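Along the sequence shown, residues are numbered consecutively beginning with 1. Keep in mind the model is a prediction, meaning the values are calculated, not measured.
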Amino acid sequence: MDTIQNALETIHEKREQVQEYRRKQLKKTLLSDEFLNFVEKNTAPFDTMIAYYRCAIMEVETKFKVLDEQFSLTYDANPIESIKSRIKSMDSLVRKIRDRNVPLTVEAIMENITDIAGVRVICSFPEDIYRLAESFVKQDDIKLLATKDYIKNPKPSGYRSLHLIVEVPIFLENEKRPMKVEVQFRTIAMDFWASLDHKLRYKKDLPPEKQKVLTEELCRCAQASAALDGRMQQIRDAISGDDWSECCMDAESIEI
């Protein structure tokens, strides 16, 4: 029995060594000389591009803050719990550039990678998500490019969120420049689940058997989370005395 146990431990150790080697090789491949040379030669344009995306994030965040304030005055309720934002990390950006075979120019990157800038809007209730999304895309300076509704059509993992790819203008000294931003809408429960799922999926030292069990349990948690969102929505409607469902839009009404 001890011999078998030692053999299993040795196999597991070797597997970990192989995975670590692959991770290091992948990082070396992603941060290739070609890309590093591109960044070095285009430092100023690349930095300018990132600055433009930061400006686009500020524009989108401001729009949602204004909407939240207006909803508070009109409905005596703030649908937004919090707003988060991020610029895609260098590793993630390089991976996407390589996967999609995007030419190494700033113009090609901005044209083909649509989620370099991301804004996540955390809402109190599911109906608030569609209500906010509808109000947001109705604004005449917002151009909707794509919609993915993972709330009505969750991923197999259980992931739920409403994703919009939009184009928003930023106003510079001598020009108006359209910028692409990915906007994600989640409830508090959806965001909590997604955060936990992300942490577990990037925890590489879990044995495959344990990873499988946890993945299945996370899927059940996602279903329970969605049921909780629905029950909380019903409670909110009962307390307010209003049927918000009559004035709420769903993702199907947000046409590209």
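If you take CD on Q223 and CZ on R160, they are separated by 7.0 Å, rounding to the nearest 0.5 Å. Here the CG atom belonging to L172 is positioned 5.0 Å from the CD atom belonging to E175, to the nearest 0.5 angstrom. Of the inter-residue distances, the one linking C219 atom SG with D197 atom CG reads 10.0 Å to the nearest 0.5 angstrom. Going from atom OG of S124 over to atom CZ of R236 covers 8.0 Å, rounded to the nearest 0.5 Å. Taken from CZ in F125 to CD in E81, the straight-line distance is 8.0 Å, to the nearest 0.5 Å. Distance check: L218 CG to W193 CH2 gives 6.0 Å after rounding to the nearest 0.5 Å.
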Less than 3.5 Å apart, which donor and acceptor atoms pair up between the side chains of residues 58-68 and the rest of the protein, not counting sequence neighbours?
residue: E61; atom: OE2; partner: S85; partner atom: OG; Å: 3.1
residue: T62; atom: OG1; partner: M58; partner atom: O; Å: 2.8
residue: K63; atom: NZ; partner: Q139; partner atom: OE1; Å: 2.8
residue: K63; atom: NZ; partner: D141; partner atom: OD1; Å: 2.9
residue: K63; atom: NZ; partner: D141; partner atom: OD2; Å: 3.0
residue: D68; atom: OD1; partner: I80; partner atom: N; Å: 3.1
residue: D68; atom: OD2; partner: N78; partner atom: ND2; Å: 3.2

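Ion pairing between K96 and D115 holds under the 4.0 Å rule for side-chain N and carboxylate O. A salt bridge does not link K88 to E182: none of the charged nitrogens lies less than 4.0 Å from a carboxylate oxygen. Salt bridge status for K138 with E134: present, with a side-chain N to carboxylate O gap under 4.0 Å. At a threshold of 4.0 Å, the pair E209-K212 does not count as salt-bridged, since none of the basic side-chain nitrogens sits closer than that to a carboxylate oxygen.
Cluster partners of I122, by chain and number: I188. The rule joins Ile, Leu, Val, Met, Phe, Trp and Tyr whenever side-chain heavy atoms lie under 4.5 Å apart.
Without hydrogens or angle criteria, S135 side chain to R131 main chain gives a donor-acceptor distance under 3.5 Å. For S195 (side chain) and D191 (main-chain N/O), no donor-acceptor pair under 3.5 Å exists by modelled atom type.
With no hydrogens or angles considered, a side-chain donor-acceptor pair links Q233 and D237 at under 3.5 Å. For the 3.5 Å distance criterion, the side chains of Y52 and D47 fail to qualify, holding no donor opposite an acceptor. Side chain to side chain, Q184 and S161 fail the donor-acceptor criterion of an N or O pair below 3.5 Å.
A 4.5 Å side-chain heavy-atom check between I87 and R54 finds at least one atom pair inside the cut-off. Considering only heavy atoms from C-beta on, T105 stays 4.5 Å or farther from I109 through its side chain. Between V119 and K84 the shortest side-chain heavy-atom distance does not fall below 4.5 Å.
The only option from I170, I116, V181 that meets the side-chain contact (heavy atoms from CB on, under 4.5 Å) definition with Y53 turns out to be I116. Of the listed residues (V166, L162, I165), just one forms a side-chain contact (heavy atoms from CB on, under 4.5 Å) with T147, and that residue is L162.
F192 does not carry R186 over the face of its six-membered ring by the limits of under 6.0 Å from the centre and within 45° of the normal.
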Evaluate the criterion side-chain contact (heavy atoms from CB on, under 4.5 Å) for residue pair F71 and D128; output intermediate values, then yes/no.
CA-CA 10 Å; F71 276 41; D128 293 341; over 6 Å; no
Going through the distances and angles, do M190 and I151 end up as a side-chain contact (heavy atoms from CB on, under 4.5 Å)?
CA-CA 9 Å; M190 292 174 195; I151 299 175; 3.9 Å; yes
Would F46 and T48 count as a side-chain contact (heavy atoms from CB on, under 4.5 Å) if you check the C-alpha gap in whole Å, the side-chain angles of each, and the deciding distance to 0.1 Å?
CA-CA 5 Å; F46 193 83; T48 300; over 6 Å; no
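By the 6.0 Å contact criterion, CZ on R220 is enclosed, its count of non-hydrogen atoms from other residues, nucleotides or ligands being greater than 12.
No path of Ile, Leu, Val, Met, Phe, Trp and Tyr side chains, each step under 4.5 Å between heavy atoms, connects M49 with F171, placing them in separate hydrophobic clusters.
Of all heavy-atom pairs between Y159 and A194, the closest is CE1-CB, 4.1 Å. Nearest heavy-atom pair across M179 and A56 is CB-CB, 3.7 Å.
When the side-chain contact (heavy atoms from CB on, under 4.5 Å) test is applied to K148, the partners found at least two apart in sequence or on another chain are Y150, H163.
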